[in-house]
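Sequential numbering from 1 along the given sequence is applied to the chain's residues.
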Amino acid sequence: MSTEGRYTTPPTEWIWQVPAQGAARFSWEYDDGRDRLLALYQKGKDKQWDAVRRIDWDLEVDPYDPLGTPDEAMSLYGTRYWDAMSEQDRGLLRQHYTSWQFSQFLHGEQGAMVCAARIVESVPDLDAKFYSATQTMDEARHAEIYGRFLHEKIGMLYPVNDNLQALLGDTLRDSRWDMPYLGMQVLIEGLALAAFGMIRDTTTKPLPRQILAYVMQDEARHVAFGRMALRDYYKQLTDAELREREEFVIEGCYLMRDRLRGLEVLENFGIPTAEAAELTEKSEFLHLFRKLLFSRIVPCVKDIGLWGPRLQKAYVDLGVFDLGDSNLDLLMTQDEEIAEQLDAERFAAEEQARVAEVAQTITQGADKPA
């Protein structure tokens, strides 16, 4: 069955065309480059991996409880709708929520792939072009992974959320070369990383945990790339130019906050939009989730030099201003370590199984009459 047959609601258009603006830039300087960025490029090459081999796709997933996360995470939990549901209906709701979350991850990764390719085209520095080429491959792998998980394990997809699509469009339509960095590397990737991390750290199911841990290992490099490039560039901008970019960040943060409610899921269960919005806003889990989602963005925005009064006021309004002092480097280091630990555990288990198999073969051979 094609993707078309798995969407809860077909997309309004199957091919979304965003008019490209801005110049393609070539650099004839092949010897010069920033050491930190070239080191990140080398790391990007060294850390390439194959999703078919590294992820254990044979692990089974129950589509009606794909993540094993607490039911309290769903906005309907504790409401009259939840109380009226059968266990079968609740399983279907879990499937829809997971489908919605991972579908937005999938659409975001395709957007990241396009933005990374746009950076290769438009950024003036060759070292940044080199690294963006490795990121484009990373994002293709991530889209491959999320698409396979949704098709083979969940069996259902949701169309791209309107707010996510709006931010992608704004990012890609802007002719300034630094905007794909700001829109994708800082905002969309930053929010996605926090969402990935929350599910990675709460799921009890091995396959989604593998997927999210390995994707986050790549994303740690991507955010580092955006920070390096934008920090250097934004030091050269005028106050007016910085304020323009802060306005973009403010609008993007509100868009992404509103994206995270999952109203489409509740609407598919027959709940009117206004009531669905009211129910989600009352969810204690959603309020915690929203704050955690900005844990990667706020310190990154501050680090690259966008920290004017209006932006600070917006973060106070969003209730995330205090996250500006979070240790982003520590979070990224932990992301890499978790992925490496998963690999170590898996390889140790496989080695143990091989040793047991050899021992069994030897025992069976010894038991046979000479």
Side-chain angles (χ1 to χ4, degrees), residues 24-55 108-145 177-178 180-186 188-190 192-193 196-197 200 210-236 296 299-300 303-305 327-344 346-347:
R25 295 174 175 86
F26 289 76
S27 171
W28 309 127
E29 175 53 76
Y30 293 102
D31 248 354
D32 195 19
R34 290 159 285 188
D35 290 341
R36 289 175 305 150
L37 202 44
L38 290 174
L40 195 64
Y41 167 57
Q42 183 62 47
K43 189 174 182 180
K45 292 188 292 180
D46 293 340
K47 296 289 187 179
Q48 291 296 317
W49 50 280
D50 187 346
V52 174
R53 294 185 174 90
R54 193 181 188 193
I55 292 173
E109 296 293 355
Q110 184 181 178
M113 179 176 64
V114 173
C115 283
R118 181 68 59 84
I119 291 171
V120 173
E121 177 187 39
S122 63
V123 71
D125 304 308
L126 200 63
D127 53 5
K129 289 181 185 292
F130 283 172
Y131 179 77
S132 286
T134 69
Q135 181 176 341
T136 305
M137 185 62 216
D138 289 344
E139 307 297 7
R141 179 168 57 250
H142 300 169
E144 170 198 351
I145 291 167
W177 67 261
D178 65 296
Y181 280 97
L182 189 57
M184 179 53 66
Q185 310 284 78
V186 176
I188 298 176
E189 295 270 31
L193 261 174
F196 296 168
R200 177 199 64 190
Q210 272 186 28
I211 288 171
L212 292 164
Y214 294 152
V215 167
M216 290 182 74
Q217 187 179 34
D218 290 343
E219 301 291 7
R221 296 193 304 275
H222 303 169
V223 174
F225 170 49
R227 288 169 70 195
M228 285 182 197
L230 293 181
R231 190 192 300 128
D232 291 345
Y233 180 58
Y234 286 172
K235 289 175 183 176
Q236 309 168 28
R296 310 284 181 130
C300 186
D303 179 64
I304 62 178
N327 189 332
L328 193 57
D329 291 322
L330 178 61
L331 288 172
M332 299 301 176
T333 299
Q334 290 171 343
D335 292 339
E336 295 201 59
E337 290 174 348
I338 288 172
E340 289 167 1
Q341 181 62 33
L342 268 182
D343 274 340
R346 184 174 170 191
F347 295 151

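A search for side-chain hydrogen bond (donor to acceptor under 3.5 Å, both in side chains) contacts involving Arg346 returns Glu350, not counting sequence neighbours. Legend: residues meeting side-chain hydrogen bond (donor to acceptor under 3.5 Å, both in side chains) with Arg200, ordered by chain and number and at least two apart, are Asp335. With sequence neighbours excluded, no residue forms a ring-ring contact (aromatic ring centres under 6.0 Å, His included) with Phe347. Every residue meeting the side-chain hydrogen bond (donor to acceptor under 3.5 Å, both in side chains) condition with Asp303, not counting sequence neighbours, appears here in chain and number order: Arg227, Arg231. The salt bridge (charged side-chain N to carboxylate O under 4.0 Å, His left out) search around Asp35 returns none, not counting sequence neighbours. Looking at residues two or more places apart in sequence or on another chain, you find a side-chain contact (heavy atoms from CB on, under 4.5 Å) between Val114 and Leu172. Scored by the side-chain contact (heavy atoms from CB on, under 4.5 Å) test, Glu29 finds Ser27, Asp31, Asp32 as partners (sequence neighbours excluded). Qualifying salt bridge (charged side-chain N to carboxylate O under 4.0 Å, His left out) partners for Glu144, counting only residues two or more places apart in sequence or in other chains: none. For Glu109, the side-chain hydrogen bond (donor to acceptor under 3.5 Å, both in side chains) partners are His142, not counting sequence neighbours. The salt bridge (charged side-chain N to carboxylate O under 4.0 Å, His left out) test applied to Glu340 returns Lys47, not counting sequence neighbours. Taking the salt bridge (charged side-chain N to carboxylate O under 4.0 Å, His left out) definition, one finds that Lys45 meets it with nothing, sequence neighbours left out.
Listed by first then second residue, pairs satisfying side chain to side chain donor-acceptor pair (under 3.5 Å) with a partner in residues 111-127 read Arg34-Asp125, Arg34-Asp127, not counting sequence neighbours.
Closest approach of Val123 and Ala128 over heavy atoms only: CG2-CB, 3.8 Å. The heavy-atom pair separating Ala339 from Ala213 by the smallest distance is CB-O, 3.6 Å. Taking every heavy atom of both residues into account, Ala116 and Gln135 meet most closely at CB-CG, 4.1 Å. Across Met184 and Gly108, no two heavy atoms sit closer than the pair CE-O, 4.1 Å. The two residues Phe225 and Leu37 have their closest heavy-atom pair at CD1-CD1, 3.3 Å.
Between Trp177 and Tyr181, the ring planes are perpendicular. Angles over 60° get that label, and only those under 30° would be called parallel. Ring geometry for Tyr131 versus His222: interplanar angle over 60°, hence perpendicular rather than tilted (30 to 60°).
At distances below 3.5 Å, not a single donor-acceptor pair connects side-chain atoms of Ser132 with backbone N or O atoms of Lys129.
Rounded to the nearest 0.5 angstrom, Asp178 CG and Ile304 CD1 are separated by 9.0 Å. Taking CG of Asp343 as the reference point, atom OH of Tyr214 lies at 3.5 Å (rounded to 0.5 Å). Here the CG-CD1 distance, from Leu342 to Ile211, works out to 11.5 Å after rounding to the nearest 0.5 Å. Atom-to-atom distance recorded for Thr333:OG1 and Leu328:CG is 9.5 Å, nearest 0.5 angstrom.
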Glu336 vs Lys43, test: salt bridge (Lys or Arg N to Asp or Glu O under 4.0 Å). Steps then yes/no.
CA-CA 12 Å; Glu336 295 201 59; Lys43 189 174 182 180; 3.0 Å; yes
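With respect to Asp138 and Arg141, a salt bridge is recorded, a charged nitrogen being found less than 4.0 Å from a carboxylate O.
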